[in-house]
Amino acid sequence: MTKDIDTDLAMKCRTWAFEEAKGVLKRLRAVGKGEVKTPEKGYVLFETGYGPSGLPHIGTFGEVCRTTMVMHAFQRLSDIPTKLICFSDDMDGLRKVPTNVPNQDLLRGALGMPLTSVPNPFDTEHKSFGEHNNARLCSFLDSFGFDYEFMSATKDCYHAGRFDSTLRQMLVQYDEIRTAVLPLLGEERAATYSPIFPIVQKKGEDKPYPVILHNVALRGIEDLDQGIATFEVMDDSEAERTGYKAGERITQSIFKGGCKAQWRADWALRWYAMDVDYEMAGKDLVTAADYAAKIVQILGGRGPAGFRYELFLDENGLKISKSKGNGLSMEDWLTYAPHESLAYYMFQRPTSAKKLFFDVIPKAVDEYITFAEKLNDQDPAQKLDNPAWYIHDGVVPETQHTPVSFALLLNLVNVANTEDKNVLWRFIKRYKPEATPENAPFLDRLTGFAIQYYKDFVLPEKTYREPDDRERAALSALATALESMEDGQEAEEYMTAVFSAGKDSGYEKDELRNWFQALYQILLGQDQGPRFGSFIALYGVKETAALIREALEGKLIKAA
RNA sequence: GAUCGCGUAGCUCAGCCGGUAGAGCAACUGACUUUUAAUCAGUGUAUUACAGGUUAGAAUACUGUCGGGCUCACCA
C-alpha cells in the first residue's frame, strides 16, 4: 500500500495500537535473531479466536476490530505482508445444550461430540452445528467489511493434518507439557489432566458418533511417525457419555483428526503450528494465555505478541455475561447506532475496564463524528492520534460526512414527532439545506437510528388525550383553515392560522399557552413540542389537517 | 489467595513519555420566539482518594495506605 505515514513518525506514535504493532516487531526481531524479516510462512499473522458453541457477540467484534487496528498500525511500521485469520475452535466438544437453540433433543443426543460432528439443529444447509455457527461468524464479520481469512480447526487443521507434526512433538514432550500446566490446576483436576484428548467412537452406537475422551492419560507411544499412541481412561466420570470406563485402554493415531488438544494446549498447538505473530486476549484468559505461551516455549517456539485487554462491565461495574443478560449486546448497539461508533468505542483505552451500557451510545456516535470530520484535514502526526484513523485505516470516506450531530438528530426526531425518514429529512434540511440522503448516506443511516431510538424510547411514553369541547371546536376550526391553505408558505402564515383558531374559540391572550399545550397533548401525545408554525411547514399542511381530523375522531388514542 | 485495572467538577468520563485541570450531560443567565421545547451565546473557586519521597515543577513517573471492583483458581 502507499505510505501515507512516514515510518519514523509511526515509530514515535504512542497509541496502544502502535505500541502493540511495535511488540510484533520485537517478536519478529527475536525470532529472526536480531533481524526483522519476513517469516517463513511469508507474512505476519494476526489471529483472533472464536468458539462456535455460541453466536458471535460484542467481544468477537471487539477482538477482530482491535486486532485489525493493530495490523493497520503494523503496516505503517513494516513492509512485510500481513494476514488476519479468524480461527474457529470448532473441534471443541459440545458440553451443554445452549438454551437459545431449536431442536434441543437433537443436541442433547450429541453431547460430547466435537461441534463439527454435532448435527445442525437449525434449518440451514450446513451439515453441523459448528459449521452453521461458523457461517454465522463469517456473515457477521462480513457485514462490517473486515478483511480476514476464516480458518476452521476441524477442516483446515486437525483433519487436514496441518497440526500433525506439532502433535507428534507434543506426544514426545507430553510429560513436560503436562507438568508445566499442573501448577495452575486444582488438585482434583490435576490428577486426570491430559493435554491431548483422543477422539473415539462412542461404544454401543451403530451410527458414527465421535466423542472426545477428556479423562485419559498417555500410557505409551507405539509409532511416533504415525502418531499412534495408547491412552488409559482414568475414571468413570464420562462412562455414561462415551461408554469407556476406568482402566480401559485406547490405541490409535492422534493424527488427521484422531484427537483434540485440551484448550490451553490447543492454543499453544495453534500458535506453534501456524507461527502466530499476534493474538490479544481478554483479562479472563490471561492465565491461560501465559500457560499456553509456556507450552509453546517447551515446543521450542515463541508465543505471539499480544496484550491483555480489560473486560466490559455493565452499568453497575459487573462483568457482562450473556447468560445473565446484563449490559449491552451487539444487537442493542447496532439497533441504535452505526458500527463505526462501536469501533470508536473499542479504540478507547482497551486496557482499562469500560462500562458498556446504553447511555454511552449517543456520546460514542458524536465523538466518532467529530473525529471523522476532522481527520482528513489533519497533518500526519495529528492523524495518528485520531481514533478515526484507526477505524478507517487512514482515510475517512467522503460518504461518512455528516454536518449534523447525532444528539441534534435525536432532538430533531423528537420534535418532528415522526417515524418517517422523509419528514425528518425536511427538518434536517432546515438546518443544513445542502444535505441530502444521496450526498450524505452516513447521515441518512443516522436518521434511521434516531428514528429507531424514538420508536423504542419516546413513543411508548406518549399518552394522547381526548379534547374537551372548546378544544374540539378550536381544532376543528384549525383543520378547516389548514385545508384551505397550500404548502410552501412561511411558517408565520401557519402560525397565524393556529392563533386565529385559538382566539376564535375563546382563548384569551394569557390563555393561549394552554391552547398550545392542548395541541401537543392531543396531537402529539406529549406535553411539549416544536414551534407549531414550523411544524406545519415541515410536516405538511394537509398532513397536519389530517392529523387533527384523526385526533377529533379519537383515532390517536386508540393507536396509542 | 493470585493477578489486573480503577479512585479527577453534581453525574459519566477525558487528560497520564511531568509545565498552572478539560469535555458531555445536569444547573444557571441571556438572546430569539404571538407558548413551551429546540436552537444560539455565556457561566465551572474540583483539597485531581490519602500519605510520603523524587523534581525547579506531579492528576500525570516512584513508594506506601485506604476504598471499592473485575478476573483466575471447575470447564472452555
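Residue numbers begin at 1 in each chain, while the letters A, B, ... track the order of the sequences. These values consider heavy atoms only, across backbone and side chains, with no hydrogens, waters or symmetry-generated copies.
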Q. Is A:Arg308 paired with A:Asp290 through a side-chain N to carboxylate O contact shorter than 4.0 Å?
A. yes
Q | With sequence neighbours excluded, residues passing salt bridge (charged side-chain N to carboxylate O under 4.0 Å, His left out) with A:Glu131 | A | none
Q. Is the distance from OP1 or OP2 of B:C17 to the nearest side-chain N or O of A:Arg14 less than 4.0 Å?
A. yes
Q. Nearest-Å distance, OH (A:Tyr368) to P (B:A23)?
A. 24 Å
Q.
With rounding to the closest Å, how many angstrom separate the C1' atoms on B:A51 and B:G7?
A. 15 Å
Q: Round to the nearest Å and state the distance from A:Tyr494 atom OH to B:U34 atom P.
A: 18 Å
Q. Atom CG of A:Asp290 to atom P of B:U71: distance rounded to whole Å?
A. 18 Å
Q: With P as the reference atom in both, quote the distance from B:U60 to B:A76 in angstrom, rounded to an integer.
A: 43 Å
Q: Rounded off to whole Å, could you give me the CG-to-C1' distance for the A:Leu182 and B:A73 pair?
A: 14 Å
Q: Determine the contact category for A:Leu519: base if any of its heavy atoms lies under 4.0 Å from a base atom, sugar-phosphate if only primed atoms, P, OP1 or OP2 are that close, otherwise nothing.
A: nothing
Q) Taking the P atom of each, how far is B:C16 from B:A73, in whole Å? A) 35 Å
Q.
Given B:U71, B:A76, B:C72, identify the nucleotide with an atom nearest to the side chain of A:Asp89.
A. B:A76
Q.
For A:Asp379, give me all partners under side chain to side chain contact (heavy atoms under 4.5 Å, CB included), at least two apart in sequence or on another chain.
A. A:Ala381, A:Gln382
Produce the list of close N/O pairs, under 3.5 Å, pairing protein atoms with atoms of nucleotides 2-4 of chain B; give distances to one decimal.
from, atom 1, to, atom 2, distance (Å)
B:C4, O2, A:Lys283, NZ, 3.0

Q: Could I get the full list of side-chain hydrogen bond (donor to acceptor under 3.5 Å, both in side chains) partners for A:Trp515, not counting sequence neighbours?
A: none
Q) How would you list, by chain and number, every residue that makes a side-chain hydrogen bond (donor to acceptor under 3.5 Å, both in side chains) with A:Asp235, sequence neighbours excluded? A) A:Asn215, A:Ser237
Within the sub-3.5 Å range, which N or O atoms of nucleotides 7-12 of chain B have a protein N or O partner, and how far apart are they?
none

Q: Using side-chain hydrogen bond (donor to acceptor under 3.5 Å, both in side chains) as the criterion, list what pairs up with A:Trp16, not counting sequence neighbours.
A: none
**Q.** Qualifying residues under side chain to side chain contact (heavy atoms under 4.5 Å, CB included), relative to A:Ala372, sequence neighbours excluded
**A.** A:Tyr368, A:Ala388, A:Val396
(Q) Quick test of your reading of the model: are A:Asp266 and A:Arg270 salt-bridged, counting only N-O distances below 4.0 Å? (A) yes
(Q) If you assign A:Gln348 and A:Glu367 each to the RNA chain B nucleotide with the nearest heavy atom, which residue ends up on the more 5' nucleotide? (A) A:Gln348
Q) With a 4.0 Å cut-off on heavy atoms, is A:Gln262 in touch with a base, just the backbone sugar-phosphate, or nothing at all? A) sugar-phosphate
(Q) What is the distance, to the nearest angstrom, from the CD1 atom on A:Ile361 to the C1' atom on B:C25? (A) 16 Å
Q) Can you check whether A:Asp156 reaches A:Phe87 side chain to side chain, under 4.5 Å on heavy atoms? A) no
Q: Take atom P in B:G67 and the same atom in B:G53, then report the distance between them in whole Å.
A: 23 Å
Q. For A:Asp92 and B:A76, what is the distance between atoms CG and C1' respectively, to the nearest whole Å?
A. 6 Å
Q: Could you give the distance separating B:A49 and B:U12 at their P atoms, to the nearest angstrom?
A: 15 Å
Q.
Run the side-chain hydrogen bond (donor to acceptor under 3.5 Å, both in side chains) test against A:Lys26 and tell me which residues pass, sequence neighbours left out.
A. none
**Q.** Distance in angstrom units between A:Asn215 CG and B:A76 P, rounded
**A.** 12 Å
Q: Considering only atom C1', compute the distance from B:U48 to B:A9 and round it to an integer number of Å.
A: 10 Å
Ignoring hydrogens and angles, write down the donor-acceptor pairs under 3.5 Å from the side chains of residues 89-97 of chain A, residues two or more places apart or on other chains.
from, atom 1, to, atom 2, distance (Å)
A:Asp89, OD1, A:Lys260, NZ, 3.4
A:Asp90, OD1, A:Ser152, OG, 3.4
A:Asp90, OD1, A:Ala153, N, 3.2
A:Asp90, OD1, A:Thr154, N, 2.8
A:Asp90, OD1, A:Thr154, OG1, 2.6
A:Asp90, OD2, A:Asn134, ND2, 3.0
A:Asp90, OD2, A:Ser152, OG, 2.7
A:Asp92, OD1, A:Arg95, NH2, 3.3
A:Asp92, OD2, A:Arg95, NH2, 2.7

Q. Which residues pass the ring pair (Phe, Tyr, Trp, His ring centres under 6.0 Å) test with A:Phe499, sequence neighbours left out?
A. A:Phe516
(Q) Under a 3.5 Å distance rule, please check whether A:Ser341 uses its side chain to pair with a backbone N or O of A:Ala337 as donor and acceptor. (A) no
Q. Does any donor-acceptor pair link the side chain of A:Thr496 with the base of B:U34 at a separation under 3.5 Å?
A. yes
**Q.** Spacing of the C1' atoms in B:A21 and B:G57 (rounded, Å)
**A.** 15 Å
(Q) Can you check the distance between B:G18 and B:A61, where both ends of the measurement are the C1' atom (answer in whole Å)? (A) 8 Å
Q. Which of the following nucleotides, B:C6, B:U35, B:A76, is nearest to the side chain of A:His214?
A. B:A76
Q) To the nearest angstrom, how far is A:Lys374 atom NZ from B:A23 atom P? A) 13 Å
Q | Involving RNA chain B, stems made of at least three consecutive Watson-Crick or G-U pairs, both distances under 3.5 Å | A | B:10-13 with B:22-25, B:27-31 with B:39-43, B:49-52 with B:62-65
